[in-house]
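Read through the structure below, which is laid out as structure tokens, and then see the notes.
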Amino acid sequence: MLTKRREFIAGCAASVAAAAAGFGARRVAAADKVPVLGLIFPPANRGVPEEGVAMYGERLRYVVTGLGVEQMTPEGFEMVLPRIPAAAEKLAAEGADAIELTGTSLTFFRGEAFNQQLREAVTKASGLPATTMSNGVIDGLKAVGAKQVAVATAYADEVNGRLRAFLIEHGLTPLVVTGLGLEAITDVEKVTQNDLIEFAARVRESAPDADSLLLSCGGFRTLEIIAPIEARTGVPVISSMPHGLWAGARLVGMNAAAPGYGTLLSREA
């Protein structure tokens, strides 16, 4: 009987050791796992953002889906709002660790209270932490100490007015909000980086007391021109897609540094 008792104890110890080893292996695997950021885009067929790949390489993986926004107007945004919970569920099923609702104007057009409701809706549908592109630009502006902001956008006057109100809600003073007057979402991709550099410089010149510059529209391709615009204008630049992705990377627990792409992304190194 004593022998059997010793065998039983030895067997239990071996089982515990094996379980502990398995648990340790699972912890190592979890620690080594590449985080996955889910992105809900306004357009229907936007792929993985090239800017995100340039910023974080293999350190961050993306799963994406789209809402089908066609017009950057309040009416265009209202049409797709019922699609957001299903989009969040889809990204959760595809392995996202956190979700960002992109589209700066989509998330600021009804003010901060509604921006918060959108975040909560994404979390409720997915069970995951969530942020929005508007949160990314606000956090970015505050991180560089912005107080008086020159704002260059893709939008028409009505949406610009709503952005002005949103920035004021967050304690920022928009000295000027100048848009390109675009409404069709497909028109944004026609704006070149050279166009954006010149546009940003003109907006900054129209507000000489500005301490920062915001480029607002997730469809603008700005990552590579942030540093050149900063050099030309003399103020830090915050832009929708790069700093939205910065916010998403932070949400999944990464070091969100992307050195070489302007003041804030380099500072986080």
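- Partners of Y62 under the ring-ring contact (aromatic ring centres under 6.0 Å, His included) rule, at least two apart in sequence or in another chain, do not exist in this structure.
- Across all their heavy atoms, V144 and R267 have their closest contact at CA-NH1, 3.9 Å.
- Between W246 and A143 the shortest heavy-atom distance is CH2-CB, 4.4 Å.
- Of all heavy-atom pairs between V64 and G47, the closest is CG2-C, 4.1 Å.
- Counting only heavy atoms from C-beta outward, the side chains of I40 and I99 approach each other to under 4.5 Å.
- Taking CZ of F108 as the reference point, atom CG of N135 lies at 13.0 Å (rounded to 0.5 Å).
- The aromatic rings of F109 and F114 sit perpendicular to each other, their planes meeting at more than 60°, with 30° as the lower class boundary.
- N160 meets the side-chain hydrogen bond (donor to acceptor under 3.5 Å, both in side chains) test with T153; sequence neighbours excluded.
- Side-chain atoms of R83 come within 3.5 Å of backbone atoms of L67 as a donor-acceptor pair (strictly under, hydrogens ignored).
- Side-chain contact between V159 and M72 is absent, with no heavy-atom pair separated by less than 4.5 Å.
- Taking the side chain as every heavy atom from C-beta outward, L37 and D97 never approach each other to under 4.5 Å.
- In this view, S134 and T107 satisfy the side-chain hydrogen bond (donor to acceptor under 3.5 Å, both in side chains) rule, not counting sequence neighbours.
- Linking Ile, Leu, Val, Met, Phe, Trp and Tyr residues whenever their side-chain heavy atoms come within less than 4.5 Å places V48 and V252 in a single cluster.
- Using a 4.0 Å cut-off between charged side-chain N and carboxylate O, E198 and R232 make a salt bridge.
- Taking NZ of K142 as the reference point, atom NZ of K147 lies at 10.5 Å (rounded to 0.5 Å).
- In this structure, A121 has no side chain to side chain contact (heavy atoms under 4.5 Å, CB included) partners at least two apart in sequence or on a different chain.
- Looking at T123, its side chain does come within 3.5 Å of a backbone N or O of L128 through a donor-acceptor pair.
- Within 6.0 Å of CD in E58 there are 12 or fewer heavy atoms belonging to other residues, nucleotides or ligands.
- The two atoms that bring V188 and G219 nearest to each other are CG1-C, 3.4 Å, heavy atoms only.
- A side chain to side chain contact (heavy atoms under 4.5 Å, CB included) with P42 is found for one member of L106, V80, L101 and no other, namely L106.
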Mind running side chain to side chain contact (heavy atoms under 4.5 Å, CB included) on V69 and F77 for me, showing each step along the way? CA-CA 7 Å; V69 171; F77 301 142; 4.2 Å; yes
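- With rounding to the nearest 0.5 Å, the separation of CD1 in I185 from OG1 in T73 is 10.0 Å.
- L172 contributes atom CG, which lies 9.0 Å from atom CG of L214 (distance to the nearest 0.5 angstrom).
- Qualifying side chain to side chain contact (heavy atoms under 4.5 Å, CB included) partners for E120, counting only residues two or more places apart in sequence or in other chains: Q116.
- Here CG of L39 is found 4.5 Å from CZ of F41. Values are rounded to the nearest 0.5 Å.
- By the neighbour-count criterion of 12 heavy atoms within 6.0 Å, atom CE of M254 is densely surrounded, having more than that number from other residues, nucleotides or ligands.
- Between T263 and E230 there is a side-chain heavy-atom pair separated by less than 4.5 Å.
- The ring-ring contact (aromatic ring centres under 6.0 Å, His included) search around F220 returns none, not counting sequence neighbours.
- The shortest non-hydrogen separation linking M133 to G218 is SD-CA, 3.9 Å.
- At a cut-off of 3.5 Å, with distance as the only test, no side-chain donor of Y261 or S266 sits close to an acceptor on the other residue.
- Residues V122 and T132 form no side-chain contact, since every pair of their non-hydrogen atoms from C-beta on lies 4.5 Å or further apart.
- Taking each heavy atom of A88 and S126 in turn, the nearest pair found is O-CB, 3.7 Å.
- Applying the side-chain hydrogen bond (donor to acceptor under 3.5 Å, both in side chains) definition to pairs two or more places apart or across chains, those involving residues 162-189 are E112-H170, E158-R162, D187-K190.
- Listed by chain and number, the residues in a side chain to side chain contact (heavy atoms under 4.5 Å, CB included) with A200 are L213, L215, I229 (sequence neighbours excluded).
- Partners of E70 according to the salt bridge (charged side-chain N to carboxylate O under 4.0 Å, His left out) rule, which considers only residues two or more places apart in sequence or in another chain, do not exist here.
- A side-chain hydrogen bond (donor to acceptor under 3.5 Å, both in side chains) check over residues 39-57, counting only residues at least two apart or in different chains, returns the pairs E50-R221.
- Contacts classified as side-chain hydrogen bond (donor to acceptor under 3.5 Å, both in side chains) and involving residues 200-213 (residues at least two apart or in different chains) are not found.
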Checking side chain to side chain contact (heavy atoms under 4.5 Å, CB included) for the pair V53/R61: CA distance, chi angles, key distance, verdict? CA-CA 8 Å; V53 176; R61 190 164 70 83; over 6 Å; no
Sequence neighbours excluded and cut-off under 3.5 Å, please list the side-chain donor-acceptor pairs for residues 235-245, or say none.
unit_1: S239; atom_1: OG; unit_2: T222; atom_2: OG1; d: 2.6
unit_1: S240; atom_1: OG; unit_2: T104; atom_2: OG1; d: 2.7
unit_1: S240; atom_1: OG; unit_2: C217; atom_2: N; d: 2.9
unit_1: H243; atom_1: ND1; unit_2: S239; atom_2: N; d: 2.9
unit_1: H243; atom_1: ND1; unit_2: S239; atom_2: O; d: 3.2

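- Following chains of ILVMFWY side-chain contacts shorter than 4.5 Å, one cannot reach V177 starting from L175, and the two form parts of different hydrophobic clusters.
- Annotation: side chain of V151 is not in contact with side chain of V203 (no heavy-atom distance under 4.5 Å).
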Please step through side chain to side chain contact (heavy atoms under 4.5 Å, CB included) for the pair S216 and L163, ending with a clear verdict. CA-CA 9 Å; S216 184; L163 176 54; 3.8 Å; yes
Step-by-step side chain to side chain contact (heavy atoms under 4.5 Å, CB included) determination, L167 to L141: CA-CA 10 Å; L167 293 171; L141 286 167; 4.1 Å; yes
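- Connection of L251 to V63 is not established within any shared hydrophobic cluster, with ILVMFWY side chains joined at heavy-atom distances below 4.5 Å, either directly or through further cluster members.
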